[in-house]
> 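The structure is given below, and queries will be raised subsequently.
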Amino acid sequence: MEKRFSDMSEQELRSEIALLSEKARRAEQMGMVNEFAVHERRIALAKSYLLNPDDFIPGHKYEIDGDPGSTFIIDYMNGTFAWGNRDGSDEVEAFPISMLIEKEQQ
């Protein structure tokens with residue numbers, strides 16, 4: 001049975017990220033787009049457990065890694081996920097915190 005990211009040590013997380021990165025690279029080379037996307041998402045989740053959720057502040061604006069020019073404002077945090085709205089949209093979305101890059105606050 002696989003261990004949950006939340007139960008892994010920092011070293012185990014780093015090893016898992018390396019393994020998933022290799023799997024993603026192979027899937028990309030073989031043209032397996034869906035498998036590549038799954039590995040990329042799991043990498044983002046694992047990286048989130050290496051970050052401190054308290055560093056992500058509701059009300060602050062963040063850029064979304066992999067979506068240049070798109071911004072996200074956090075409404076609330078739930079573990080390693082930030083919930084909020086993208087670019088003024090009314091639709092609530094959630095992102096692993098590893099996908100958020102802090103923007104300069106105006």
> What's in the same ILVMFWY side-chain cluster as Leu45, cut-off under 4.5 Å, chained through other members?
Phe5, Met8, Leu13, Ile17, Leu20, Ile43, Tyr49, Leu50, Tyr76, Phe81, Trp83, Val92
> Tell me whether Asn34 at atom CG has more than 12 heavy atoms from other residues, nucleotides or ligands lying less than 6.0 Å away.
no
> Going through the distances and angles, do Ile101 and Ile64 end up as a side-chain contact (heavy atoms from CB on, under 4.5 Å)?
CA-CA 6 Å; Ile101 303 162; Ile64 302 168; over 6 Å; no
> Using the side chain to side chain donor-acceptor pair (under 3.5 Å) criterion, which residues pair with Ser70? Sequence neighbours excluded.
Asp67, Asp87
> For a quick test of reading the model, state the closest non-hydrogen atom pair linking Gly79 to Pro53 and the distance between them.
O-CB, 3.4 Å
> My understanding is that only residues two or more places apart in sequence, or in another chain, count here; which of them pass side chain to side chain donor-acceptor pair (under 3.5 Å) with Arg14?
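Side chain to side chain donor-acceptor pair (under 3.5 Å) check on Arg14 returns Glu10.
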> Look up atom CZ in Arg25 and atom NE2 in His39, then write down how far apart they are to the nearest 0.5 Å.
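Reported to 0.5 Å precision, the distance equals 12.0 Å.
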> Do you know which two heavy atoms are closest between Ile57 and Tyr62, and how far apart they sit?
N-OH, 3.0 Å
> How is the hydrophobic cluster of Met32 composed, in terms of its other members, when Ile, Leu, Val, Met, Phe, Trp and Tyr link through side-chain heavy atoms under 4.5 Å apart, directly or indirectly?
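Besides Met32, the cluster holds Met30.
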> State which residues pass side chain to side chain contact (heavy atoms under 4.5 Å, CB included) with Asp75; sequence neighbours excluded, sorted by chain then number.
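Residues passing side chain to side chain contact (heavy atoms under 4.5 Å, CB included) with Asp75: Asn85.
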> Which residues satisfy the side chain to side chain donor-acceptor pair (under 3.5 Å) test with Glu91, sequence neighbours excluded?
none
> Enumerate the salt bridge (charged side-chain N to carboxylate O under 4.0 Å, His left out) contacts for residues 38-51, please, sequence neighbours excluded, ordered by first and then second residue.
Glu2-Arg42
> Under the rule for side chain to side chain contact (heavy atoms under 4.5 Å, CB included), what residues qualify as partners of Asp55, not counting sequence neighbours?
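Partners of Asp55 under the side chain to side chain contact (heavy atoms under 4.5 Å, CB included) test: Asn52.
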> Which residues pass the side chain to side chain contact (heavy atoms under 4.5 Å, CB included) test with Glu28, sequence neighbours left out?
Phe36
> Taking salt bridge (Lys or Arg N to Asp or Glu O under 4.0 Å) as the test, write out the residues that go with Glu12, two or more places apart.
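With neighbours one apart ignored, the set is Lys3.
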> Who pairs with Glu35 by salt bridge (Lys or Arg N to Asp or Glu O under 4.0 Å), at least two apart in sequence or on another chain?
none
> If you define the side chain from C-beta out and look only at heavy atoms, does anything of Met77 sit under 4.5 Å from Ile97?
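A side-chain contact exists here, since the closest heavy-atom pair is under 4.5 Å.
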> What residues form a side chain to side chain donor-acceptor pair (under 3.5 Å) with Ser48, not counting sequence neighbours?
Ser98
> Specify the closest pair of heavy atoms between Arg86 and Phe72, including all atoms of both residues, with the distance to one decimal.
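Result for this residue pair: N-CD1, 4.1 Å.
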